[in-house]
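Heavy-atom basis, side chains included; hydrogens, waters and symmetry copies ignored. Source: prediction; values computed, not measured.
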Amino acid sequence: MPTFEIGERDFLLDDRPHQVISGALHYFRVHPDLWADRLRKAKLMGLNTIETYVPWNFHSPEPEVFDLSGRRDLGRFLDLVADAGMHAIVRPGPYICAEWDGGGLPAWLSAVEGVGMRRYEPRFMAAVGYYFERLLPVVAERQVTRGGPVLMVQIENEYGAYGDDPAPDRERYLRALVDLTRAQGIEVPLFTCDQADDAMLSRGGLPELHKTATFGSRSTERLATLRRHQPTGPLMCMEFWNGWFDSWGMEHHLAPSEANARDLDELLAAGGSVNLYMFHGGTNFGLTNGANDKGLYRPIATSYDYDAPLAEHGAVTEKYHAMRAVIDKHAPVPDELPEPPAPAPAFDVALTEYLPLGEAAELPAPMRSYDRAPTMDAMRQWSGFALYRTRVRADDAVLVVDEIRDRAVVMLDGEPVGVLDRGTHTRAIALPQRDGLLELLVEDQGRVNYGPRIGEPKGLIGTARTATRELTEWEAAPVALDRAPEFLASRPWRDGSGLGPLAGPVLARGVFDTVAGADHHLRLAGWTKGLAWINGELLGRYWSAGPTGTLYVPGPLLRERGNELVLLELHGAASRKASFVEAPDLGVTAV
Ligand code: GLA
């Protein structure tokens, strides 16, 4: 059987020095029918390895569920990596960051009273043990030592950037993760990764584990920093940031190809191994995006294009060619080049039917009564929306909440009166001065994936007050948006023929025929903020705040006849029309 080891100077594959030229490709951000296509394009760029994280909460949305099927079939993904003639690196967390909801940590776990996230704490460690028991056999049987593609497995993720536990506690936690990993039969080398910073590199690893660094420029200097902490063995950049992620309300990030190519050349010429982060970014489908909060809450956009060499819709870019040319100087690159994708079908869709959300009475689960407003976590709603209700009087005049996580459409007797918004620190709103039913439709816009705020609950946090009193006697319930298209299929829709403006919150529906299997780009010009489904699949969030201007619709979701587009619009639309356009629009850039 093949071997893979960390030598005195190099990685050793079957005892021969081996330079890992890897690219990150997250199976959870790509439609499973397109995995093989993306992997082939990685191979044709000259990559010899594919790296993927594993998001724990993607496989385990509820404590009793562990799903490894369909788009969660990590085993099939790794088999396709092997079929494409490449190796694999797996980074199972338990924390992954990755701009993913909660950094992969399940909200059902952070909701457990007293649990210590990313620490040696019995409840946390027991849950990780259960997770590794279910996940790691899939990886173990695909290790290079057993004839599979997997070369290495990561322990934790940039742990040196997290927390202030003293060194013995940190090491105890990392060693416990190593033990849990080894106990599942993982025998290939284990490693840690940290930002190329002395303090982080010294806090994030263990002497017995191989250290790697994360950086996107100044390769020589960063390799020298890493060398101070990893005195022997190969130097590897585990995340070569050749692009960056987008957050709602900010510009679309671009990283110039020439600089990326130059820095990659410097790294490979120095004999370093690399994992391009990302080779292909993909999409934050559904409600899977994370968020940052360093004083200002910034949810991650739906597109995770990342300005990567392979674009979100699988097209090769100028950066692909630039990086392929660099790799060609250092390692064998296949002669063949991928075909450019055909322009996507372009046409308009009329959303001819609609249903005000207030009339979709069965969408919220049955309302329950509470003295004080519960968090979404207390209702066991781990993502999406919840509806809160209580009565107000004319003299209440203003609504003030301790905290809103993350955004609420506020309504009085069904009429929208404004928005509470964490992103702009808006936690007070004037109310029309009359008695009535106050409703808050609260959106969790993505759980924080980096820093001390990971694991915090969502929804209405703390107390809600008015000019005269604290609001009590709440009713609240999760809104079952996962059921929206199926629920709507059985409803008498209102006929919305005519293309005039539409008031939200509202569900709208349109039907269209198209080219089966072709990728599409959905543009919702004139729509404000909400969610979009195609044939029952939640594509993700849209928002006029940008930058993402089109939502990527993977071809496998589309058939020739009778495709259904459903939108949840929270605010209002300028017209009842959606468009499919030829090419993606990822938004305005800073340049
Ligand atoms: C860090 C993390 C990654 C990702 C990148 C930014 O390096 O390790 O998971 O969040 O930052 O894209």
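- Judged by distance alone, the side chains of Tyr95 and Glu156 never bring a donor and an acceptor atom under 3.5 Å apart.
- In this structure, Thr232 contributes its side chain and Glu8 its backbone to no donor-acceptor pair below 3.5 Å.
- The environment of CZ in Arg76 is crowded: more than 12 heavy-atom neighbours from other residues, nucleotides or ligands sit within 6.0 Å.
- No hydrogens or angles considered: a donor-acceptor pair under 3.5 Å links the side chains of Ser69 and Asp67.
- Of all heavy-atom pairs spanning Thr548 and Ala301, the tightest one is OG1-CB, 3.4 Å.
- A cation-pi arrangement is absent between Arg71 and Tyr27 under the rule of less than 6.0 angstrom and at most 45 degrees off the ring axis.
- Side-chain atoms of Arg91 and Tyr53 form a donor-acceptor pair, as typed in the model, at a separation below 3.5 Å.
- Nearest heavy-atom pair across Pro94 and Tyr173 is CG-OH, 3.9 Å.
- With Ile327 as the partner, the side chain to side chain contact (heavy atoms under 4.5 Å, CB included) test is satisfied by one option alone out of Asp265, Leu47, Val274: Leu47.
- Of the N and O atoms on the side chains of Trp382 and Glu62, at least one donor lies less than 3.5 Å from an acceptor on the other residue.
- For the atom pair CE of Met278 and CZ of Phe240, the computed distance is 14.5 Å after rounding to the nearest 0.5 Å.
- Remark: side-chain polar atoms of Arg422 are not paired, donor with acceptor, to backbone N or O of Asp406 under 3.5 angstrom.
- No side-chain donor-acceptor contact under 3.5 Å links Arg40 to the backbone of Lys43.
- Asp14 contributes a side-chain N or O that, together with a main-chain N or O of Thr3, makes up a donor-acceptor pair within less than 3.5 Å.
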Worked check of side chain to side chain contact (heavy atoms under 4.5 Å, CB included) between Glu99 and Tyr304: CA-CA 9 Å; Glu99 291 70 68; Tyr304 200 68; 2.4 Å; yes
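- The CG atom of Leu80 sits 13.0 Å away from atom CZ of Arg38, with the distance rounded to the nearest 0.5 Å.
- Taking the side chain as every heavy atom from C-beta outward, Phe4 and Pro189 approach each other to under 4.5 Å.
- Taking the six-membered ring for Trp and the full ring otherwise, the centers of Trp100 and Phe58 sit less than 6.0 Å from each other.
- In terms of modelled atom types and a separation under 3.5 Å, the side chain of Asn57 and the main chain of Asp101 share a donor-acceptor contact.
- Salt-bridge check for Lys458 with Glu443: failed, with every basic side-chain N at 4.0 Å or more from each acidic carboxylate O.
- A donor atom on one side chain and an acceptor atom on the other are found under 3.5 Å apart for Thr145 and Glu187.
- Proximity of a side-chain donor or acceptor of Asp305 to a complementary backbone N or O of Glu312 within less than 3.5 Å is detected.
- Judged by distance alone, the side chains of His229 and Asp194 never bring a donor and an acceptor atom under 3.5 Å apart.
- Checking side-chain atoms of Asp377 against main-chain N and O of Arg380 turns up no donor-acceptor pair under 3.5 Å.
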Run the numbers on Arg228 and Ser202 for side-chain hydrogen bond (donor to acceptor under 3.5 Å, both in side chains), then give the verdict. CA-CA 10 Å; Arg228 288 199 284 278; Ser202 56; over 6 Å; no
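- One finds the CG atom of Leu267 at 14.0 Å from the CZ atom of Arg218 (value rounded to the nearest 0.5 Å).
- Between the CZ atom of Arg222 and the CZ atom of Phe215 there is a distance of 7.5 Å, given to the nearest 0.5 Å.
- No salt bridge links Arg324 with Asp328; every basic N to acidic carboxylate O contact stays at or beyond 4.0 Å.
- Side-chain atoms of Gln154 and Thr192 form no donor-acceptor pair, as typed in the model, at a separation below 3.5 Å.
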Salt bridge (Lys or Arg N to Asp or Glu O under 4.0 Å), that's the test. Do Arg298 and Asp293 meet it? Break it down for me. CA-CA 6 Å; Arg298 289 286 192 203; Asp293 190 340; over 6 Å; no
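- In summary, the side chains of Arg72 and His59 do not present any donor paired with an acceptor at a separation below 3.5 Å, with no hydrogens or angles considered.
- For an aromatic pair to be called close, the ring centres must be under 6.0 Å apart, and His18 with Phe11 fails this.
- Of the residues listed (Thr49, Asn48, Asn275), the one engaging Ser22 in a side-chain hydrogen bond (donor to acceptor under 3.5 Å, both in side chains) is Asn275, and it is the only one.
- In Arg9, the CZ atom is not crowded: 12 or fewer heavy atoms of neighbouring residues, nucleotides or ligands sit closer than 6.0 Å.
- Using the six-membered ring where Trp is involved, Trp108 and Trp56 have ring planes that are perpendicular, over 60° apart on the 30 and 60° scheme.
- Of the inter-residue distances, the one linking Glu403 atom CD with His425 atom NE2 reads 10.0 Å to the nearest 0.5 angstrom.
- Contact of the Val90 side chain with the Val54 side chain is registered, since non-hydrogen atoms from C-beta on lie closer than 4.5 Å.
- A salt bridge is defined here as a Lys NZ or Arg NE, NH1 or NH2 lying under 4.0 Å from an Asp or Glu carboxylate O, and Arg119 with Asp169 fails to meet this definition.
- How far CE of Met323 is from OG of Ser257: 7.5 Å, rounded to the nearest 0.5 Å.
- When atom types are taken as modelled, the side chain of Asn449 and the backbone of Ile454 share no donor-acceptor pair closer than 3.5 angstrom.
- By the neighbour-count criterion of 12 heavy atoms within 6.0 Å, atom CD of Glu64 is densely surrounded, having more than that number from other residues, nucleotides or ligands.
- Two residues are said to be in side-chain contact when any heavy atoms from C-beta on lie closer than 4.5 Å; Arg405 and Tyr297 fail this criterion.
- Side chain to side chain, Gln184 and Glu133 fail the donor-acceptor criterion of an N or O pair below 3.5 Å.
- When atom types are taken as modelled, the side chain of Arg203 and the backbone of Gly163 share a donor-acceptor pair closer than 3.5 angstrom.
- Checking Asn260 against Lys319 by side-chain atom types alone, a donor-acceptor pair falls below 3.5 Å.
- The number of heavy-atom neighbours closer than 6.0 Å to OH of Tyr120, taken from other residues, nucleotides and ligands shown, is 12 or below.
- Side-chain contact, Thr220 with Glu266: a donor N or O sits under 3.5 Å from an acceptor N or O.
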Are Val153 and Ile89 close enough, and set up right, to give a side chain to side chain contact (heavy atoms under 4.5 Å, CB included), and what steps lead you there? CA-CA 6 Å; Val153 172; Ile89 296 173; over 6 Å; no
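- Aromatic rings of Tyr306 and Tyr277 (six-membered ring for Trp) have centroids within the 6.0 Å cut-off, being under it.
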Could you please spell out the steps behind the side chain to side chain contact (heavy atoms under 4.5 Å, CB included) verdict for Phe385 and Leu531? CA-CA 11 Å; Phe385 290 77; Leu531 304 176; 3.9 Å; yes
Criterion ring-ring contact (aromatic ring centres under 6.0 Å, His included) on Tyr130 and Phe66, from CA distance to verdict: CA-CA 10 Å; Tyr130 190 78; Phe66 201 83; 7.8 Å; no
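- The backbone N or O of Leu12 sits nowhere less than 3.5 Å from a side-chain atom of Glu5 that would complete a donor-acceptor pair.
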Go through the steps to decide whether Thr225 and Leu201 satisfy the test side chain to side chain contact (heavy atoms under 4.5 Å, CB included), and finish with yes or no. CA-CA 9 Å; Thr225 306; Leu201 277 161; 4.0 Å; yes
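- A salt bridge does not link Arg182 with Glu208: none of the charged nitrogens is closer than 4.0 Å to a carboxylate oxygen.
- When only modelled atom types and interatomic distance are considered, Glu251 and Thr589 share no side-chain donor-acceptor pair under 3.5 Å.
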